[in-house]
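This report refers to the structure that appears directly beneath it.
Quick note on labels: first sequence line is chain A, next is B, and so on, each numbered from 1. Any value given below was found using the heavy atoms of this structure, including those in side chains, with hydrogens, waters and symmetry copies removed.
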2 protein chains.
Amino acid sequence: MEAVNTKANDTPRAMPKQARRKQLIQATIKCIAKKGLSSTTMADVTQQAGLSMGIVNLHFQSKERLLIETLRYISDEYTDGLNKIFNDKSLSTEQKILAHINFDFSRAIIDRNKLAVWFAFWGETKSRPTYLSICASYINEIANNLTHLFALLKQQGDYSNVNPELVCTCYTALSDGLWLDLLITPKGMKPAQAQAVAMHYLATQFPEHFKNEI
Amino acid sequence: MEAVNTKANDTPRAMPKQARRKQLIQATIKCIAKKGLSSTTMADVTQQAGLSMGIVNLHFQSKERLLIETLRYISDEYTDGLNKIFNDKSLSTEQKILAHINFDFSRAIIDRNKLAVWFAFWGETKSRPTYLSICASYINEIANNLTHLFALLKQQGDYSNVNPELVCTCYTALSDGLWLDLLITPKGMKPAQAQAVAMHYLATQFPEHFKNEI
DNA sequence: CAACCAAATGAATGGTTATTCATTTTTATG
DNA sequence: CATAAAAATGAATAACCATTCATTTGGTTG
């Protein structure tokens, strides 16, 4: 997901394969947001990317693989961001949790184009095992990490009746639901507001740590 | 949404128009769950319903209208169920809220076929104003009712720092997120468990009323 | 700069799919 | 029972779309 040389204006033909793939994935995200997954065509994607019809099959073999790579792209972006926080040894447990929430509602993540992509794929998981397995793997990974953080925080205060697993499940579901609000009621729910709702829940569980954040 | 005469085995041709439309909508729900919105075809739907190709255009004019009516169907089913609870004068405020949660995680609502339909349409709202407006209207209606219930409950206990609007937003998002868990991790999350998570949140806000429900 | 190679193009192809409508089947009416 | 009206059928049609591949373009190398 890191900086790939995308000097599209200079010498397009010299772009590394990886960069062209990224360009096509980003065009796909825009198209899914603009036209919906069900009516996004190869012609739409290639035109959005400013390239020719055959290009997708050249780089991805098929439309289906392009879609899978698109899901993997946003899913990796999300997981990588959270892992970086989780593995950052300069942060305290409390700071990691705060950074996690900040990330969940950061511009790059709650971009409405990407939210549209998330929901489009979630809607198809029941019929596409490949989509489901991509989603399932990142979900477990994140849940384990976050539960661990809550368990650590529990030891740092008077939180004897906090259940870290339950809090993780609840926080995660809440975050997903707030993403939905950001997607379908853009005028009613602003990112900062969504983040405040998430903080409000954490404050109910860890008042000593998060009461002041609201 | 009420009982429509569907005597499919007796005299199919005599079914009222409304019933045939319902039959087609239910076939559509099954197909979207089975094949995904993007690859559900007219042939799939009519075959699932045990009818002939031309039937959808006869009753719905076009595929697009069938899809819109399908969204309206699940959306009405949900809204009607909640309104019935909200308007039931035999229930106390507390009982209404409990009934609301029970309904949110009842078999009819968290049927995985229907969940797949919800997410499929949510994923397309950004590109289809019609889908968006159907969703937007029911969301506002429910939020107003639920906020009102929380405001009433606030007066029945030591809840001076409870914010009914915030609690409504948070509960609603949580519920949507739990629906996602039920859709994509069916083996990990059971309906009763999801409901318990929702109750857990309400207990943080109204401990005097809901602490014992967990 | 010439020759080669990789990347990209886009017209052509073939398969898929929504929609139509002439025909058939069923129900209602007198 | 005969006739008319309504409902349903499904083969035919026309539009659409993913994929292919012969050709062109651009970059690299010696």
Side-chain angles (χ1 to χ4, degrees), chain A residues 4-28 31-32 34-71 120 124 127-128 130, chain B residues 4-28 30-32 34-70 120 124 127-128 130:
Chain A
V4 175
N5 179 13
T6 56
K7 44 177 175 176
N9 297 328
D10 310 335
T11 49
R13 298 288 277 261
M15 281 165 73
K17 285 201 169 198
Q18 194 58 30
R20 181 114 300 172
R21 286 167 62 95
K22 183 173 172 181
Q23 180 189 7
L24 288 167
I25 286 170
Q26 282 168 337
T28 306
C31 287
I32 291 175
K34 199 192 297 174
K35 312 196 59 180
L37 180 55
S38 63
S39 49
T40 289
T41 67
M42 297 272 103
D44 293 328
V45 171
T46 54
Q47 197 180 344
Q48 172 71 44
L51 297 167
S52 66
M53 278 256 22
I55 198 81
V56 166
N57 288 281
L58 186 67
H59 288 275
F60 291 93
Q61 281 67 256
S62 71
K63 182 184 181 182
E64 178 63 14
R65 274 171 199 260
L66 170 67
L67 294 177
I68 288 169
E69 292 305 314
T70 301
L71 174 57
E124 303 260 306
S127 50
R128 312 251 175 168
T130 310
Chain B
V4 176
N5 179 12
T6 57
K7 44 176 176 175
N9 297 328
D10 309 336
T11 51
R13 299 287 277 260
M15 283 164 75
K17 286 201 168 197
Q18 195 57 28
R20 181 114 299 171
R21 286 167 62 95
K22 184 174 172 181
Q23 180 189 8
L24 288 166
I25 285 170
Q26 283 170 335
T28 306
K30 275 201 183 140
C31 287
I32 291 174
K34 198 193 296 176
K35 310 196 60 180
L37 180 55
S38 62
S39 49
T40 289
T41 67
M42 296 273 105
D44 293 328
V45 172
T46 54
Q47 199 180 343
Q48 172 72 46
L51 297 167
S52 67
M53 279 256 23
I55 198 81
V56 166
N57 288 281
L58 185 68
H59 287 275
F60 290 93
Q61 279 67 257
S62 70
K63 182 185 181 183
E64 178 62 14
R65 276 172 198 258
L66 170 66
L67 294 177
I68 289 170
E69 293 305 316
T70 301
E124 303 259 305
S127 50
R128 313 251 174 165
T130 310

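- With distances taken from any side-chain atom of A:Ser52 to the nucleotides D:dA8, C:dA7, C:dA8, the minimum falls on C:dA8.
- Screening residues 56-68 of chain A for side chain to side chain donor-acceptor pair (under 3.5 Å), with sequence neighbours left out, gives A:Glu64-A:Arg128.
- Side-chain atoms of B:Lys30 and B:Gln26, non-hydrogen and from C-beta on, never get closer than 4.5 Å to each other.
- Annotation: side chain of A:Leu51 is in contact with side chain of A:Gln23 (closest heavy-atom distance under 4.5 Å).
- Within the 4.0 Å cut-off from OP1 or OP2 of C:dA7, not a single side-chain nitrogen or oxygen of A:His59 is found.
- Whole-Å rounding puts the A:Ile55 CD1 to C:dA6 C1' distance at 12 Å.
- Taking CG from B:Leu24 and CG from B:Leu58, the interatomic distance works out to 9.5 Å, rounded to the nearest 0.5 Å.
- B:Arg21 contributes atom CZ, which lies 10.0 Å from atom OG1 of B:Thr70 (distance to the nearest 0.5 angstrom).
- If you take CG of A:Leu51 and P of C:dA6, they are 20 Å apart, rounded to a whole angstrom.
- The separation between B:Phe60 atom CZ and C:dA18 atom C1' is 16 Å, rounded to whole Å.
- No donor-acceptor pair closer than 3.5 Å links the side chain of B:Glu124 to the backbone N or O of A:Ala120.
- Recorded end-axis angle for the helix from C:dC1-D:dG30 to C:dG30-D:dC1 stands at 10°, based on five pairs per end and rounded to 10 degrees.
- The distance between atom CZ of A:Arg20 and atom P of C:dA7, rounded to the nearest whole Å, is 11 Å.
- Between the CG atom of B:Leu24 and the P atom of C:dT19 there is a distance of 14 Å, rounded to whole Å.
- For the pair B:Ile68 and B:Phe60, the minimum side-chain heavy-atom distance is 4.5 Å or more.
- In this structure, the NZ atom of A:Lys17 is 9 Å from the P atom of C:dA8, given to the nearest Å.
- For the pair B:Arg65 CZ and C:dA18 P, the computed distance is 17 Å after rounding to whole Å.
- A 4.5 Å side-chain heavy-atom check between A:Ile32 and A:Leu67 finds at least one atom pair inside the cut-off.
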**OP:** For nucleotides 14-21 of chain D, just jot down a letter per nucleotide in 5' to 3' order: B, S or -, based on protein non-hydrogen atoms under 4.0 Å.
**Re:** ---SSBB-
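- Between A:Leu71 and A:Thr130, the closest side-chain pair of non-hydrogen atoms is not below 4.5 Å.
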